[in-house]
Amino acid sequence: EGLIEFYDSFKDMFEFFCKNTTIHGTIRLVCSDSNRMKTAFWTLLLLASFGMLYWQFALMFSQYWAYPVVLTMSMHSEPKMFPAITICNLDPYRFELVSKHLVQLDRMAEESITFLYGVNTSASLFHMNERNIRIKDLSSVGNLSTSSFKLSQNFSLLRMFDHNNRSGRRHSSVGFRLCNATGGNCFYKTYSSGMDAILEWYRFHYMNIMSQLPVIINISDHEEQIEDMVYSCQYDGEPCRPSDYVHFHHPVFGSCYTFNSKGTDSFWTATKPGIPYGLSLILRAEQKDHIPLLSTVAGVKVMIHNHNQTPFLEHEGFDIRPGIATTIGIQQDEVNRLGGNYGKCTTNGNDVNVKLLYNNSYTLQACLHSCFQHIMVRKCGCGYYYYPLPPGAEYCDYNKQPAWGHCFYQLYNRLRNHHLNCFDQCPKPCRESLYKVSAGTAKWPSTKSQDWVRQALRHQNGYNSTSNRSDIAKVTIFYKQLNYQSVNESPLLSENLLLSSMGSQWSLWFGSSVLSVVEMFELLIDTLVLSLLFCYQRFRSKKT
């Protein structure tokens with residue numbers, strides 16, 4: 001009885017509420033009871049206000065549950081770590097274990113080019129007498145024999161013509177045919193450019209040949225040393241140390257070196273912006289044409305990326321021309337994503353369903369490559385040579401899996417068209433560093449200085465130029481400025497902002513506060529209790 005108001009009727013309860021509530025306009029329902037038109041008008045007005053209020057509430061909640069974000073940008077200036085720099089010599093090698101098959105492939109390519117274009121390329125492109133790289137210590141890996149491997153003749157390059165009805169011209173394309181295991185469902189992998197078709201055809205055979213190499217052999221241990229590629233290395237005016245780089249082999253871009261790969265050495269801390277405080281390299285950019293149809297570019301491949309990150313040179317990076325001094329200014333941007341309900345991202349990749357095949361930190365490309373390789377092994381029965389293998393799998397070889405090319409190209413087209421679920425399974429990192437790059441070039445060494453530069457390199461590094469073309473390059477990578485831009489995602493409508501907006505709407509339509517809402521709940525409770533009492537009284541009276 002101390003909490004509940006007992007009224008004689010619902011009319012008394014409603015009049016008490018309208019006269020004493022803090023909600024504006026309700027008193028007009030009582031004061032105008034003698035004028036029914038005014039009472040009806042104020043009743044409709046209050047109901048319309050309630051309708052507009054809850055319509056606005058619905059809009060706000062629908063916007064809140066959509067979890068929109070707003071981007072905020074801020075500038076920071078502080079000493080930071082120099083990024084990781086990867087360089088490759090664009091000069092893949094012939095390995096002695098498969099050199100015989102590579103020679104056969106070169107002859108097949110020569111015959112195909114002669115058949116397509118009538119050009120004899122044996123003297124200008126293919127160098128059969130180039131030195132091969134011998135892989136040592138093979139006795140510990142078991143019996144290795146590639147004598148049973150044979151290059152397949154079922155993937156010949158063909159020229160196809162199609163008639164363009166609009167222009168009346170005949171357009172040709174070049175490609176090769178791929179079929180499934182039963183010889184059906186065939187299609188042509190074609191290119192409008194014959195050069196692209198020959199390169200893809202060569203790479204397809206090259207992957208089958210290289211799959212003969214033992215997986216447990218570290219090919220990078222048997223190539224040239226960094227002194228054969230990097231003639232000079234300085235950072236912030238100090239010479240680089242042997243511990244500043246790691247070496248790995250890329251099947252297309254050849255011998256590669258990554259400087260500052262871990263990002264933990266204070267030697268690589270950037271304290272000042274500008275060219276004198278960056279990384280300066282003098283590189284050998286000689287093209288030895290060991291595998292001319294695998295790498296048609298002369299120069300050096302360079303990629304700037306984050307620490308502990310696998311460099312995917314086929315997707316990023318840029319080429320440095322021989323005989324050119326290139327200065328590359330970098331500007332760092334940081335992107336911080338919210339994740340959760342506001343977007344799909346991962347902090348370190350542990351919550352991703354794809355098992356990464358790379359030993360470095362999580363990146364979107366590493367996840368996509370790993371996802372594709374897992375699907376490739378499951379669907380095609382073997383792995384793509386350019387990606388790491390899952391445990392227990394082997395690389396594709398058309399002597400063992402004749403239809404793997406048909407399976408691979410179909411899967412790759414599905415991945416490219418987002419028909420595989422890899423893009424759904426691989427979110428972006430929640431925190432990511434991006435590098436904007438601007439470059440300038442100049443001829444180097446100049447005509448008047450090239451003689452003494454070459455003499456200095458010859459005496460210091462054993463440099464010996466046997467060609468008339470430029471075969472050295474200089475590259476300098478530096479921070480343009482140490483301040484960096486941070487792009488952060490924040491909720492467009494947080495819980496506090498949602499409550500504030502609801503209070504504003506309530507005040508707009510009723511001019512009341514939170515206590516007014518409590519008064520409405522009190523009215524509902526009183527109505528419920530009074531209804532129960534009246535029902536009980538009626539039940540007692542009927543029973544009596």
Side-chain angles (χ1 to χ4, degrees), residues 65-69 71 84 86 178 180 185 187 189 203 207 211 215 248 250-252 261 303 305-317 333-396 401 403-435 487-492:
W65 284 324
Y67 299 106
V69 297
L71 297 179
T86 296
L178 297 155
N180 61 16
N185 192 23
F187 67 91
K189 182 64 178 176
R203 287 190 180 189
M207 287 186 289
S211 66
V215 178
F248 67 95
H250 194 281
V252 175
S261 62
M303 179 177 170
H305 55 92
N306 295 320
H307 310 110
N308 295 313
Q309 176 182 319
T310 302
F312 294 99
L313 297 149
E314 61 272 23
H315 298 291
E316 303 179 51
D333 287 346
E334 282 192 0
V335 179
N336 296 301
R337 301 179 177 90
L338 281 176
N341 293 325
Y342 295 94
K344 193 175 181 181
C345 72
T346 179
T347 304
N348 51 17
N350 291 335
D351 54 343
V352 178
N353 294 328
V354 178
K355 181 176 176 55
L356 294 185
L357 301 176
Y358 299 87
N359 294 326
N360 291 324
S361 59
Y362 177 89
T363 62
L364 178 60
Q365 285 293 343
C367 182
L368 290 176
H369 286 199
S370 301
C371 176
F372 180 81
Q373 186 74 308
H374 286 296
I375 296 177
M376 177 85 180
V377 171
R378 187 171 65 251
K379 297 286 187 180
C380 306
C382 57
Y384 185 51
Y385 179 72
Y386 291 161
Y387 301 162
L389 279 177
E394 62 178 1
Y395 284 123
C396 291
Q401 300 94 10
W404 82 262
H406 178 274
C407 178
F408 162 74
Y409 285 110
Q410 284 193 333
L411 283 179
Y412 194 78
N413 286 335
R414 291 180 60 192
L415 176 69
R416 188 172 54 187
N417 297 328
H418 291 222
H419 292 160
L420 290 182
N421 61 351
C422 289
F423 285 94
D424 297 330
Q425 296 187 47
C426 295
K428 294 180 179 179
C430 291
R431 185 169 184 175
E432 192 174 14
S433 292
L434 307 174
Y435 295 97
V487 181
N488 302 304
E489 288 184 351
S490 57
L492 179 63

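Note: hydrogens, waters and symmetry copies are ignored here, and every other heavy atom, side chains too, is used. Keep in mind that what you see is a predicted model, and the values were worked out from it rather than measured.
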Practice problem: For Arg431, check salt bridge (Lys or Arg N to Asp or Glu O under 4.0 Å) against everything at least two apart and list the hits. | Solution: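 Result, salt bridge (Lys or Arg N to Asp or Glu O under 4.0 Å) vs Arg431: Glu334.
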
Self-check item: Glu316: salt bridge (Lys or Arg N to Asp or Glu O under 4.0 Å) partners, not counting sequence neighbours
Solution: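 Listed in chain order: nothing, the list is empty.
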
Quiz item: Below 2.5 Å, is that where the SG pair of Cys367 and Cys426 sits?
Solution: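 In this structure, Cys367 and Cys426 share a disulfide.
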
[X] vs [Y] side-chain heavy atoms within contact, under 4.5 Å:
| X | Y | result |
| --- | --- | --- |
| Gln410 | Leu178 | no |
| Phe372 | Phe408 | yes |
| Asn348 | Ser361 | no |
| Pro390 | Lys355 | no |
| Tyr362 | Pro427 | yes |
| Tyr412 | Tyr384 | no |

Restricting to side-chain hydrogen bond (donor to acceptor under 3.5 Å, both in side chains), what partner residues turn up for [X], sequence neighbours left out?
| X | answer |
| --- | --- |
| Glu432 | Arg337 |
| Asn341 | none |
| Thr86 | Thr258, His305 |

Quiz item: Rounded to the nearest 0.5 Å, what separation is found between the CD1 atom of Ile375 and the CG atom of Leu411?
Solution: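 Output value for this atom pair is 7.0 Å.
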
Quiz prompt | CG on Asn488 to CG on Asn336, rounded to 0.5 Å | solution =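 Output value for this atom pair is 4.5 Å.
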
Self-check item: Member of Leu357, Asn359, Leu356 meeting the side-chain contact (heavy atoms from CB on, under 4.5 Å) criterion with Pro388
Solution: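 Testing Pro388 for a side-chain contact (heavy atoms from CB on, under 4.5 Å) against Leu357, Asn359, Leu356 leaves exactly one candidate, Leu357.
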
Residues 306-315, side-chain donor-acceptor partners within the protein, below 3.5 Å, at least two apart:
from   : atom 1 : to     : atom 2 : distance (Å)
Asn306 : ND2    : Gln309 : OE1    : 3.3
Asn306 : ND2    : Ser433 : O      : 3.2
His307 : NE2    : Phe82  : O      : 2.7
His307 : NE2    : Asn260 : ND2    : 3.3
Thr310 : OG1    : Asn360 : ND2    : 3.1
Glu314 : OE1    : His250 : NE2    : 3.4
His315 : NE2    : His369 : NE2    : 3.1

Quiz item: Has the side chain of Glu489 got a donor or acceptor atom that lies under 3.5 Å from a matching backbone atom of Leu338?
Solution: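 Checked: pair present.
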
